[in-house]
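One structure is given here, and the rest of the page talks about it.
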Amino acid sequence: MEHILELNQVSKSFPKSGFLLDKVSFSLPYGAIMGFVGENGAGKTTTIGCILNTLLKDSGTIRLFGKEMSDGDTGIREKIGVVYDGDNFPGYLTAGQLAKIMSGLYSSWDDDLFLQYLENFHLSGKQKIKSYSKGMTMKLAIAAALSHHPQLLILDEATSGLDPVMRDDILDILLDFVQDEKHSILLSSHITSDLEKVADYITFIYKGSLYLTASKNDIMYNYAVMRCKESQFRALDKADILAYRRRDYQTDVLVSDKKKMQRKYKDIVIDSVSVDEIMVLLVKGERV
Amino acid sequence: MKGLLKNNFYGILSGAKVFLIFMLLLGICVTMMEKNSFMVIVYALLGIIGFSINGIACLRNESSSNWNKYKLTAPVKRAEIVRSYFLSHLIWLLAGMLFAGMEITLSILLHGSPFDRNIDVFYIFVAGIGISLFTVSLFFPLSYSGSAEKNQVFLIISLIGGIGIFVKLVDLLNTLFDSDSSMTTFQLILSGSIIIICSLFLFILSYWVTVGIFKRKEV
């Protein structure tokens, strides 16, 4: 399988804060959406910073379109669209002025497409960006990111702060974008319901370490939670346990092979698991 | 580069408009004054230095958003981003010189030359260009090595430093030409040219230093 983005053992430390992004590895295939999940401060933005070279990684390799991107590789950046959380553009600009700037930055900038997005999103080209609402600024950023025909979209918490209807519209646009099998999206978010709707792959990061990277189908069909009584929990094979969390009368145990567990532990209730539940179990649960 | 220059232009525009109005009003007042060489000198220096300094002050306003980070994800090299700032500064310096030139011309046309010697006009431009280039040469490396919140402080330090370098250089040249009385026209042209060359040299050196700093900077 060809990958548009590959991270291999990427590390980045911040001595002042003590934060360490620790040997993160994952791959995003062409034509896919990867949900990059983790709580605030988990290392999502740091990882994206390393991918985009706004942060300088300490070690590891990052390949975009099969190549490590240096400052001089402007051709690679031509194929990447980026949306950050919050204000992407200076408030003193209007969308019209932004288009003029972007057309001077990207050789493949499509003014007609940008105007079409502005119309679809009901954004005025003459209004100063500082007078936009948060939802409007995010829509503008998405319009700008898509209007130079990128192959890879990287969105850092781009749907946070949007109302459910707007989020749904944006997710539809993202789904439409990956209809072309040469297009991919890395979508960082902590809104797991969005990711469950659109993502093909889920990568979960916690305190700078990668906890899980798997296809959504794998998670939906193979990952499960076993609801164990204390005696059942004690009898479990430790190798089967990814994480567990004790509750009042039962212990929830996260496992990665539902069918095998069903065969192996016939008297234990095994439920399918949501991304949200996996996240909670991995973060709040304990490891064996 | 075109996109970056447009970006810098829009970043400066609102500040430049206010300064332009101020300069127009002040220009009317100065033009109405008869043979007031001091005011003409102040106006010309204010025009040359003010426009270019206003340029760098506004340019750094964009740091209040993610735009600085966003630009690094665009298909431009870091050196090009720095170069665009230096080029923008030169453009605004030219605009300031044009303004100063127009005011001096207008003043001479209406009231005759307010200066004792014609070479004084040349030296006003030397002072304006020198202080402006020295200031920006100090500002950009400082600005890129520190955080955006300190930009106003860096600007004040750079302006004081720029004036200081200019004054010291003039003092050195005066000593060099051993001029207890006034310098000859040739000496003034020569010392003015030395100041311009020094300021351009520092400007170019500052560009390379800033590029070096920015290439290692994390945003």
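Every chain is numbered from 1, with letters handed out A, B, ... down the list of sequences.
- Side chains of Y70(B) and L105(A) form no contact here, defined as non-hydrogen atoms less than 4.5 Å apart.
- With respect to chain A, the highest number of heavy-atom pairs below 4.5 Å among L5(B), L72(B), T73(B) belongs to T73(B).
- Between atom CG of residue L55(A) and atom NZ of residue K217(B) there is a gap of 12.0 Å, rounded to the nearest 0.5 Å.
- Of the two parts of D73(A), neither the backbone nor the side chain holds a non-hydrogen atom closer than 4.5 Å to a non-hydrogen atom of chain B.
- F214(B) contributes atom CZ, which lies 8.5 Å from atom CG of D71(A) (distance to the nearest 0.5 angstrom).
- With a 6.0 Å radius and a threshold of 12 heavy atoms from other residues, nucleotides or ligands, F14(A) has its CZ atom above the threshold.
- Not one N or O on the side chain of N66(B) forms a donor-acceptor pair closer than 3.5 Å with the backbone of Y84(A).
- Of the atoms belonging to S103(A), it is side-chain heavy atoms, and not backbone ones, that fall under 4.5 Å from chain B.
- Between the CD1 atom in I101(A) and the NZ atom in K71(B) there is a gap of 9.0 Å [rounded to 0.5 Å].
- Summarising the geometry of Y106(A) relative to A74(B), their closest heavy-atom pair is OH-CA, 3.5 Å, with the distance given to 0.1 Å.
- The environment of K2(B) atom NZ is sparse: at most 12 non-hydrogen atoms of other residues, nucleotides or ligands sit within 6.0 angstrom.
- Atom CG of D87(A) is separated from atom CH2 of W67(B) by 12.5 Å, given to the nearest 0.5 angstrom.
- The CG atom of L56(A) lies 10.0 Å from the CZ atom of R216(B); values are rounded to the nearest 0.5 Å.
- Neither the backbone nor the side chain of S108(A) comes within less than 4.5 Å of any heavy atom in chain B.
- Shown here is K207(A), whose NZ atom has no more than 12 heavy atoms of other residues, nucleotides or ligands within 6.0 Å.
- With a 6.0 Å radius and a threshold of 12 heavy atoms from other residues, nucleotides or ligands, Q127(A) has its CD atom above the threshold.
- Within the 4.5 angstrom heavy-atom criterion, atoms from both the backbone and the side chain of K215(B) approach chain A.
- Atom-to-atom distance recorded for K77(B):NZ and S70(A):OG is 8.5 Å, nearest 0.5 angstrom.
- Interface check for chain B: of the options K79(A), K100(A), M102(A), the most heavy-atom pairs under 4.5 Å are formed by K100(A).
- The two residues E78(A) and P75(B) have their closest heavy-atom pair at OE1-CG, 3.5 Å.
- Using a 4.5 Å cut-off between heavy atoms, K130(A) does not touch chain B at all.
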